[in-house]
Structure formats: structure tokens, C-alpha cells
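Every number for a ligand or one of its atoms is a count from 1 in the order of the listing.
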Amino acid sequence: MINPATLKAKFVELFDTQPLLVRSPGRINLIGEHTDYNDGYVMPAAIDRQIIVAMDFAADDHSTLYSVKHNEFFSFHTADPGRVTSPLWANYLLGVVRKFLDLGKAVKPFNCVIDGDVPTGAGLSSSAALECSFAFALNHQQRFNISKKDLTLIAQWSEHHYAGVKCGIMDQFASVMGEKGKAFVLDCRSLEHRYFPVDLTQVTIVLCDSMVKHTLASTEYNTRRAECEEGVRILKQHYPNVIALRDITSEMLEKHRSEFSDKVYNRCLYVVEENQRVLDASRDLAEGNLAAFGKKMFLTHEGLSKMYEVSCEELDFLVDEAKKISGVVGARMMGGGFGGCTINFVARDEVKVFIDAMQKSWQAKYGDPMNIYVVSLADGTSVISG
Ligand code: GLA
């Protein structure tokens, strides 16, 4: 657990002024994967792991960033926040500053210290938490009056242009807008969202961290997005109102099947089915039908693995093993894929059995112990003090 007082003390030690402290959490996604950049539906929640930013104005033209985790400083001229080849973590923040400047905001030089306990590369959106905590802090401190919604878009812009991943809006939106004890269904086109409580008295949300992040993750992610756009291009010729895969049905796909490569067809069909699953799953949860919800999690995994092809051996193994354990309501890979975590809904009384069994089978196959996180649902970005 990260301690805000320790971070504050570090800031005072380094810069000798009293900082503003802002936190922003990582996220999980219950269902609705790779649907956000297709204008579809997702069902995320913020979790009890976060990035904290300490910030105050600086005395000269330069802004200085310090990452506790990397024990590394980075200084830049505030009016010229170009993308850098090293350190890579600075890019997430530099992109945010660039976008503020592009929006006509006169960013004054600042000092900033960052730490957090969102595991990186685990598919829990540590990068969104970093961008959002920083964007929120800058906005608050320099009184730019940018809305929370626009801050999520600024954070996403940074991810696209400075980190090079053409992500959807889910991660940043969940990090900023999460509510304690709740998940929400987000319409990624209108950004309308509806919160609902997740009753963790019956099930516990357990994440199994494959601890791999295959190097093709970000290139393959961008390729999936391009494949979806290809599907839209094909169908738009017949249905001019189609803007994104959100607008297509399986009937439309079937009718024009011959115009699609197998690959693009599979990608599109997965997205159409997954969007429908999110809507159906939200009804399952409203009716308290966890069994039906869990089945959909398994179906999502199947689709991500076979049709969308963003899983990997380790993730498939974790889901297959989870399936064998009684007490598991549902399991699937979560996030962009090619590594990171699986999300498991486990009957509360069976959590210990689940963790022991998963740990055992993982170690038997891969040797090293795996990280397992039990998470609860937390509030989105907020000011801690200052
Ligand atoms: C990553 C992206 C999100 C989303 C997921 C897949 O987390 O950042 O925008 O596309 O992958 O659902």
C-alpha cells in the first residue's frame, strides 16, 4: 500500500515546498473487452490501487519530474514538452503537458513526484492512472477549470501520441470516474454511464497476474484497431450510416461475409457479440444472476482467444485452470491482452482454495510463484490534500 505522507515527505525533501497531493486508481473491467474503440460498451470499475502525484510550482522555467519507483529525475523546458526516448515513463506526463499547451493553457513550471502501487504491465491501467493523476493535479493546481470528462480525453491523447497506443477511453474514464463499491456500464460513444453496486458479500474479485507482457502487445493492439476499421470501411459501402462496429449487426456481417477476409470477419463478429454480451450481462447483474454473468465471462475469453486472438498461452492456461475449480463463477483475460491479468469471480468462501490451487498449478507449469490480487472497488481520481 502506498502512503501519501511518505510521498509528501519525499517531495519536501527534494523541493522544499508543500505540495498538492492527488490520487488516481487503476481499473478492472468486468466485461466488454476491445469494444471501447469501436464506440461500444464496457463495464469497468476503479480499484484500491493507485498512483499518487505530489505537485507544486517551480521557481524557474523548468519543470522537474521525479519517479520514486524508478528513482529517476527528468527536467524539461515547460513550453517544450517533446516526446523522449528515455525515460519512457516521462512520456505519459509530457503528452499531458503538450495537450494542455495545445488547448491554450499557459502551463507554469512545476515540480512533481510520483509513486504508486498499481502493478505495471498487469493490465490494470497503471499508465491511465499516471496520466489521470497528473492531468488532474495540473488542472487543479493551475486552476484551468477543465472538466473531468475532458481530462480523461487529454489523458487518452497522451497515450495515443506520446505512448503510441491507440487506446479507447475505458481506462482513463474508469480511473477518473470510478465510484467506491460500484462498477459502471459506459457507452463509449456518448460517454453516458450508469453506476451499479457490486455486491462483494457473495463473490470476491481475484486477479491472477500472468506476469508476462509479450512485446507485441502494443503493435498488435493497434493492428486490431485497424482491422476493426477495415470492417467498418467494407460495411460502410453498403450502409452509409455505419460509423463504427457499434453500428453493425451479425446479420449485416453475414450478408457481406464474402467481402471479408476470415481474419477481419472474426474480429468484427467478436466485437458485435461482445457488445451484446455487455448489455445482457448488465441485466444478469441487476437480477443477481451471477451464474449467467460468469458464463458470459468464459464466452468473452473464448472470443478474445480464438476470434480476436489477443490472448496468450499463459492467460489461456490460467482460465483453463480456474474453470476446474469449484467456486469459480467466471474467469477471463482482462484488458488489452498478450499478458497481464485474468479476472476471476470466486465464491467468497472458496477464495483461499482458489488461490492455493491456482498458485500450485502455476508453479508446477512455470516455476516461479505468481502475483495474485484480491481487489475492492474504489473512488476515481481525487485530491488527497493541498
Ligand atoms: C487497453 C486499452 C483500452 C481497451 C482495452 C481492451 O486497456 O487501453 O482502451 O481497449 O485494452 O478492452
Tell me whether the count of non-hydrogen atoms from other residues, nucleotides or ligands lying under 6.0 Å of NZ in Lys295 goes above 12. no
Per atom 9 (O) of ligand 1, closest listed option by heavy atom (Asn38, Ile31, Asp36, Val310): Asp36
Near-ring test Phe144/Phe100, centroid separation under 6.0 angstrom: yes
Residue and atom name of the nearest protein heavy atom (relative to atom 10 (O) of ligand 1), distance in Å to one decimal: Tyr221 OH, 2.5 Å
Closest approach of any protein heavy atom to atom 5 (C) of ligand 1, naming residue and atom: Met170 CE, 3.8 Å
Which atoms of ligand 1 are found less than 4.0 Å from any heavy atom of Gly335? 6 (C), 11 (O)
Gly168 to ligand 1: N or O pair under 3.5 Å? yes
So, do His160 and Tyr37 have ring centers that fall under 6.0 Å from each other? no
Is it the case that ligand 1 has an N or O less than 3.5 angstrom from some N or O of His34? yes
Checking ring-ring contact (aromatic ring centres under 6.0 Å, His included) against Phe110, which of Phe11, Phe57, Phe134, Phe15 comes through? Phe134
Test log, rule side chain to side chain donor-acceptor pair (under 3.5 Å), inputs Arg23 and Ser133: CA-CA 6 Å; Arg23 54 164 284 283; Ser133 53; over 6 Å; no
Might you confirm whether atom NZ of Lys236 has over 12 heavy atoms from other residues, nucleotides or ligands at distances under 6.0 Å? yes
Has ligand 1 got any nitrogen or oxygen that is less than 3.5 angstrom from a nitrogen or oxygen of Glu33? yes
Interfacing atoms of ligand 1 (cut-off 4.0 Å, heavy-atom, Tyr37): 10 (O)
Under 4.0 Å between heavy atoms, the region of Met334 that gets near ligand 1 turns out to be neither
Any ion pair linking Lys296 and Asp284 (charged N to carboxylate O, less than 4.0 Å)? yes
Pull out every atom of ligand 1 sitting under 4.0 Å from any heavy atom of Arg27, numbered as shown with elements. 7 (O)
Between Phe260 and Tyr265, what is the ring plane arrangement, given parallel below 30°, perpendicular above 60°, and tilted in between? perpendicular
Within a distance under 4.0 Å of any heavy atom of Cys167, pick out the atoms of ligand 1 and give their elements. 2 (C), 8 (O), 9 (O)
Students should be able to answer this: which protein heavy-atom is nearest to atom 7 (O) of ligand 1, and at what distance? Asp171 OD2, 2.9 Å
